[in-house]
*Asks:* 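Attaching a single structure in structure tokens format; questions to follow.
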Amino acid sequence: MIAESYNPQVIEAEAQHHWDEQRVFAVREEPGREKYYCLCMFPYPSGRLHMGHVRNYTIGDVIARYQRMLGRNVLQPMGWDAFGLPAENAAMAGGVAPARWTYDNIAYMKKQLQSLGFALDWDRELATCQPEYYRWNQWLFLRMLEKGIVYLKTGVVNWDPVDQTVLANEQVIDGRGWRTGAVVEKREIPMYYMAITQYAEELLTELDRLPGWPEQVKLMQKNWIGKSHGVRIGFPYQLPESDSGILWVFTTRADTLLGATYVAVAAEHPLALHAAKDNPQLAAFIDECRQGGVTEAELATQEKKGMPTGLTVTHPLTGEQLPLWVANYVLMGYGEGAVMAVPAHDERDFAFAHQFGLPIKPVIRTSAGDETPAPWKDTYADYGVCINSGQYDGLDFEQAVDAIAADLNAKELGEKKVIWRLRDWGISRQRYWGTPIPIIHCEACGAVPVPDDQLPVVLPEHLVPDGSGNPLNKYPEFLNCACPQCGKPARRETDTMDTFVDSSWYFFRYGTPGANAMVDKRADYWMPVDQYIGGIEHAILHLLYSRFWTKVMRDLGLTTVSEPFANLLTQGMVLNHIFFRKGEKGGITYYPPADVEMVRDEQGRVASVTAVADGQPVEYGGIGTMSKSRKNGVDPQTLIEQYGADTARLFMMFAAPPEQALEWSDAGVGGAYRFLRRLWAYAAEHQDAIRAAGEVVAVTLSEPLRAVRREVHEALKQALFDFGRHQFNTVVSGSMKMLNSLARIEAGERDAADTVRREGLSLLLRLLSPIVPHVTHVLWRELGYGDDVLNAVWPAPDEGALVRSLVTLVVQVNGKLRGQIDVPVDAERGAIEQLAQAEPNVQRFVEGKPIRKVVIVPGKLVNLVC
RNA sequence: GCUGGUGUGGUGGAAUGGUAUACACACAGGACUUAAAAUCCUGCGCCGUUAGCCCGGCUUGUGGGUUCGAGUCCCACCACCAGCACCA
């Protein structure tokens with residue numbers, strides 16, 4: 001029996017109980033059966049789910065359930081990105097151990113996920129803070145160390161001198177520590193690096209073999225990797241105290257080498273530091289550059305600053321002496337930290353030369369001519385043939401670069417080179433709540449890797465950080481150990497790994513739960529992930545690191561795949577209205593949307609906004625991402641409790657296509673809820689008739705019934721197409737159309753009408769089941785369609801139902817709509833033309849003019865051109 | 001600055017070169033009700049014409065182009081959003 005009123009709490013409990021009890025979402029490898037691995041980016045257990053999570057996991061769940069109904073063996077797992085800084089911050093604030101805080105959060109958020117009815121295989125759940133997970137971080141780290149992919153190097157960190165601790169970049173605010181307010185120092189400490197640059201070429205070229213990734217993401221990765229072709233050029237120098245050497249620069253414009261009039265180095269460049277030793281003025285300038293502007297806006301507008309070092313370098317081809325400058329626009333971290341300056345053909349060099357009166361020598365004939373008068377024109381930087389360049393005159397860009405590179409090569413002062421923007425990945429974090437780096441420091445033997453049989457290096461879980469450094473450093477039970485090589489007392493490494501390490505391979509582990517190895521053969525069945533879903537904010541780092549780790553694992557023989565994610569969907573953000581008041585002192589107070597009232601005018605436009613509390617006006621701040629600081633977040637828990645999971649899911653799917661931003665709307669949620677209630681009421685009202693009804697017999701249907709049935713199948717056909725391209729908002733509107741059509745059947749009609757109702761609802765429930773699985777589960781069973789809608793066949797439109805005897809054609813005259821005609825589907829071209837011309841309104845516009853051309857689009861329109 | 005994306009009713013949005021504004025939301029009017037809520041019905045781009053029906057003109061950020069036909073393809077510009085940013 002279907003109860004009269006829609007009660008989501010009861011329905012959802014019933015459906016979820018069924019899924020749990022039957023363990024319907026637990027999957028195994030089935031060789032020979034087509035698999036589908038659907039994965040959402042796992043959450044950080046921050047405490048509660050937010051709307052972004054709900055959206056992300058609903059999209060994933062809809063895809064997973066859809067694929068399941070198409071007959072695939074679908075894996076959809078879930079886990080926790082459980083290491084990280086927020087747990088340490090919470091520990092400091094509340095005095096509770098990060099482990100405890102994390103596990104409590106996981107328990108609560110797991111309940112929330114379960115209440116949303118996601119088709120997850122919980123048997124494969126993992127948390128990255130579990131030793132059985134992170135031991136494999138350590139294990140692979142050691143393999144990478146053996147292969148030289150991991151190495152030790154000095155790195156620069158932000159150091160808070162008061163707390164005696166290392167700060168993450170986001171903990172440095174305006175150059176000061178976020179807790180202490182102390183000016184942050186740069187400190188050089190030894191850190192472990194992963195040589196992602198060894199894979200730069202492959203990471204770049206394989207982007208072209210990822211057709212299922214958004215272009216935008218591929219482009220962002222491409223830019224991040226940043227491959228540049230150029231020439232490394234040496235400028236020999238002789239220092240006063242008889243030291244000599246070669247200053248190397250990198251350039252993509254070797255063709256302009258003869259136009260170089262000075263050479264500039266970064267403030268941190270060794271040669272600059274050397275020159276500053278007995279030049280206090282220069283030393284002061286270098287200091288100034290190092291501190292210089294922090295914000296991006298400052299950097300962009302910063303004027304070109306520089307100072308001569310007093311040194312000169314020798315032009316490698318002409319032998320000319322060029323002055324060596326220190327310039328604030330040269331970056332130590334890119335290329336060689338030094339540039340050859342060609343003011344005539346580079347905008348920055350041009351500005352610098354003008355400012356400091358340095359010579360400008362045009363050496364390229366551009367569309368602007370042979371001269372480069374101020375002000376700067378972008379065409380000065382164009383490619384062209386060489387001029388004023390002696391033997392290279394007349395050569396084009398490629399010829400000149402080849403010739404100059406060859407000549408430099410002969411002098412051992414240059415070679416063609418490719419450089420990358422991508423840096424190696426420093427993974428050491430001076431943090432407690434992370435994967436311990438498996439290294440032991442011995443006075444005699446140095447840094448010794450922990451032997452495999454001593455893994456995992458277990459992180460003690462009861463420590464509580466107090467803000468003054470890593471508590472591991474004060475915990476002897478962890479710190480003190482024996483050197484694996486010589487057996488003498490030694491000290492354990494207390495740095496932990498960047499949490500991006502944890503998330504770089506978790507998708508492999510889901511495929512091999514419980515394995516006594518990092519992965520086993522089962523992963524080969526599941527990998528690669530067929531559909532990965534997550535936020536665009538991970539477009540670069542997480543996705544790049546995951547691709548890198550997959551390639552490392554492949555080279556170690558741990559997997560056969562090169563790319564972990566075949567298809568990627570980046571979901572849009574969840575937005576809401578922002579309301580605020582400005583205080584007298586300019587401070588801003590935000591008002592949650594639930595605490596304000598909008599008054600609308602007769603057209604439905606927002607006329608005014610007032611606070612519920614005091615009835616006074618509130619300013620509207622437009623629309624923006626849900627955030628704590630702006631108080632415009634909506635708690636999914638409230639939504640689920642008030643309307644149920646199906647309404648939450650339906651609204652998420654209906655309000656916007658998955659990749660676009662979604663605007664929160666209480667009214668929209670209400671609309672989604674109303675639709676489910678209407679669906680329920682329809683099923684309840686007709687339940688007896690539907691259970692008793694037989695198959696549709698098309699020939700016995702009246703014309704109105706046939707029309708309803710045609711509409712249902714037409715809407716279904718479109719909705720199925722949209723399902724395939726993951727445009728779920730129109731799938732939902734298609735479902736609404738189907739119900740609207742069925743509801744148009746007159747209440748009194750029986751028998752034949754009931755067969756149409758029975759068929760229509762059967763199609764509708766199956767179509768909707770991936771989106772609103774609870775209500776469709778219960779209705780499917782109660783209406784007698786079968787035991788479990790999950791096992792039903794995916795619906796397909798009946799081509800017979802789509803056939804019409806008459807079609808309505810639109811008639812255009814010169815492309816403008818002028819009338820409609822009804823013609824038999826099999827009408828001849830001539831007959832259609834005749835009917836179209838006979839249409840009275842069409843005649844008014846043709847007015848006896850000769851018809852030059854008739855375009856007929858079958859089933860759609862006629863266009864008369866005159 | 002560079003790169004990419006997006007601009008469609010009061011709002012979210014739909015349209016696979018072929019009837020722009022589907023499906024919803026909001027709003028207005030009506031039915032039911034003592035009343036409200038809920039529900040149901042009707043209307044709803046702008047301008048003109050009209051008692052009303054018909055009918056016409058305009059409209060997908062702006063301006064061009066291709067096409068029998070453009071929201072969709074091409075060119076230029078404007079606005080907003082995002083990423084990168086003195087990358088040699």
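Just so it is clear: chains get the letters A, B, ... in the order the sequence lines come, proteins before strands, and each one is counted from 1. Since we're looking at a predicted model, the values are computed, not measured.
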*Asks:* Could you tell me how far apart A/Gln820 (CD) and B/C54 (P) are, to the nearest whole angstrom?
*Replies:* 13 Å

*Asks:* Would you tabulate the nitrogen or oxygen pairs shorter than 3.5 Å linking the protein to nucleotides 40-47 of chain B?
*Replies:*
none

*Asks:* Would you be so kind as to tabulate the donor-acceptor pairs closer than 3.5 Å made by side chains of residues 676-685 of chain A, with sequence neighbours excluded?
*Replies:*
residue	atom	partner	partner atom	Å
A/Arg678	NH2	A/Asn740	OD1	2.5
A/Trp680	NE1	A/Ala3	O	2.8
A/Trp680	NE1	A/Ser5	O	3.4
A/Tyr682	OH	A/Leu742	O	3.2
A/Tyr682	OH	A/Arg757	NE	3.2

*Asks:* Can you give one letter per nucleotide of nucleotides 6-18 of chain B, going 5' to 3': B for a protein heavy atom under 4.0 Å from the base, S for sugar-phosphate only, - for none?
*Replies:* ----B-BSSSB-B

*Asks:* Please give me every residue in residues 735-745 of chain A whose heavy atoms get under 4.0 Å of an atom in RNA chain B, ordered by residue number.
*Replies:* A/Met736, A/Lys737, A/Asn740

*Asks:* Using a cut-off of less than 4.0 Å, is there contact between a side-chain N or O of A/Arg421 and OP1 or OP2 of B/A85?
*Replies:* yes

*Asks:* Say we look at B/U3 and B/A76: how far apart would their P atoms be, to the nearest angstrom?
*Replies:* 12 Å

*Asks:* For B/G9, does the glycosidic angle fall within 90° of 0 (syn) or outside that (anti)?
*Replies:* syn

*Asks:* In this structure, how many angstroms lie between the C1' atom of B/A88 and the CG atom of A/Asn328, rounded?
*Replies:* 14 Å

*Asks:* Checking ring pair (Phe, Tyr, Trp, His ring centres under 6.0 Å) against A/Phe651, which of A/Phe675, A/Phe728, A/Trp664, A/Tyr643 comes through?
*Replies:* A/Trp664

*Asks:* Treat a base pair as Watson-Crick or G-U wobble with both distances under 3.5 Å, then lay out RNA chain B in dot-bracket form, 5' to 3', with | for cross-strand pairs.
*Replies:* (((((((..(((.....[....))).(((((.......))))).((((......))))..(((((..]....))))))))))))....

*Asks:* Applying salt bridge (Lys or Arg N to Asp or Glu O under 4.0 Å), which residue pairs with at least one partner in residues 853-866 of chain A are found, sequence neighbours left out?
*Replies:* none

*Asks:* Given B/U19, is OP1 or OP2 found less than 4.0 Å from the side-chain N or O atoms of A/Arg818?
*Replies:* no

*Asks:* Look at the side-chain N and O atoms of A/Arg348 and state whether any lies under 4.0 Å from the OP1 or OP2 oxygen of B/A88.
*Replies:* no

